[in-house]
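Worksheet: one structure, shown below.
Side chains included, hydrogens not; waters and symmetry mates left out as well; all remaining heavy atoms used. Letters go in sequence order (proteins before strands), and every chain restarts at 1. Model, not experiment: these values are computed from the prediction.
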There are 2 protein chains.
Amino acid sequence: MTFSKTEAFTEKQQAFARMAKALSHPARIAIVEHLLKVGTCISGDIALELPLARATVSQHLQELKAAGLIQGSIDGQKVCYCINNEGFNELLEHFTAFKTLAYQSQNCIC
Amino acid sequence: MTFSKTEAFTEKQQAFARMAKALSHPARIAIVEHLLKVGTCISGDIALELPLARATVSQHLQELKAAGLIQGSIDGQKVCYCINNEGFNELLEHFTAFKTLAYQSQNCIC
DNA sequence: TAATCATTTCGTATGTTTACGACATAATAC
DNA sequence: GTATTATGTCGTAAACATACGAAATGATTA
């Protein structure tokens, strides 16, 4: 009974939640930050940056890719990862919407 | 072996991840959106908005509170929830930092 | 005081996440 | 062709998340 009743919520809420979930682990935050900083694509050097086994890093990379936040392309025997701008911008839009709501919201009266 | 090696990452990365985790379920997105829209505090009416048992909604509310995104205060036998502006702003700051990095980042060369 | 109502906590079943070593795969290098 | 290197997938153990009904708590109301 844990298949989180996602179908009961709007597509937008589900999309936002999926992206937030992708960022819900510090290792994945670190990966995204690194890719944003380095800009140019990086492969398994990411694993060197993190205190995790390569298999684990690979797993985190797959999750970020599935969420549409990063993309990877094969370059010889290496894989070159970078930010997926389309997905990343979608994430920022979700937050802009949040921010807009926050501006309109009254202060808490509790 | 799943105590997610959080201690290996910076405090900022951990804080961001904690808040993202709080938003990683559509029900919690819906709750935050609702509180932002309604502005004035709401209690178990939130449960009526969601297709979930009250116990489950309560659990989600505790998680959002623990993450510092909302706050609740007792008003008679009801509990009045609203956005925790301090925590919410912290979340927005994390995203602003992300956005700033994104602006400086080169395009993907992959 | 007892009944009622709003909310949370408890117990629990089940699915998901995290982590790792070991194995598989696929591309260069020798 | 074989070795080396980079990456991903598999199997697995332990922890965590999600959901709910039932019981507990605490405040009004009768």
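- Listed by chain and number, the residues in a salt bridge (charged side-chain N to carboxylate O under 4.0 Å, His left out) with B:E86 amount to none (sequence neighbours excluded).
- Under the side-chain contact (heavy atoms from CB on, under 4.5 Å) rule, A:Q71 has a single partner from A:L35, A:I83, A:N84, which is A:N84.
- Both A:G76 and A:S24 lie near DNA chain C, and the one whose nearest nucleotide falls closer to the 5' end is A:S24.
- Put simply, CD1 on B:I31 is 13 Å from C1' on D:dT18, counting in whole angstrom units.
- In this structure, A:I74 places its CD1 atom 9 Å from C1' of C:dA26, rounding to the nearest Å.
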Donor-acceptor pairs under 3.5 angstrom involving side-chain atoms of residues 87-102 of chain A: please list them, not counting sequence neighbours.
unit_1 : atom_1 : unit_2 : atom_2 : d
A:N89  : ND2    : A:N85  : O      : 3.2
A:T96  : OG1    : A:L92  : O      : 2.9
A:T100 : OG1    : A:T96  : O      : 2.8

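- Taking side-chain N and O atoms only, B:H60 has no distance below 4.0 Å to OP1 or OP2 of D:dA17.
- The stretch residues 60-85 of chain A participates, sequence neighbours left out, in these salt bridge (charged side-chain N to carboxylate O under 4.0 Å, His left out) pairs: A:R28-A:E63.
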Please write out each protein N/O paired with an N/O of nucleotides 2-9 of chain D under 3.5 Å, distance rounded to 0.1 Å.
unit_1 : atom_1 : unit_2 : atom_2 : d
D:dT5  : O2     : A:Q77  : NE2    : 2.5
D:dT7  : OP1    : A:S43  : OG     : 2.3
D:dT7  : OP1    : A:G44  : N      : 3.0
D:dT7  : OP1    : A:V79  : N      : 3.4
D:dT7  : OP2    : A:G44  : N      : 3.1
D:dG8  : OP1    : A:Y81  : OH     : 2.6

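- Among residues two or more places apart in sequence or in another chain, the side chain to side chain contact (heavy atoms under 4.5 Å, CB included) test is passed with B:V79 by B:I74, B:Y81.
- When the C1' atom of C:dT18 is taken as reference, atom CG of A:L50 falls 14 Å away, rounded to whole Å.
- Across the protein-nucleic acid pair, A:H25 atom NE2 and C:dT16 atom P stand 18 Å apart, rounded to whole Å.
- Here the P atom of nucleotide C:dA19 and the CD atom of A:E63 are 10 Å apart, to the nearest Å.
- Between the P atom of C:dA26 and the CG atom of A:D75 lies a distance of 17 Å, rounded to the nearest Å.
- For the pair A:R28 CZ and C:dT16 P, the computed distance is 15 Å after rounding to whole Å.
- Screening residues 45-57 of chain A for salt bridge (charged side-chain N to carboxylate O under 4.0 Å, His left out) gives no qualifying pairs among residues at least two apart or on separate chains.
- With rounding to whole Å, A:F9 atom CZ is found 12 Å from D:dA19 atom C1'.
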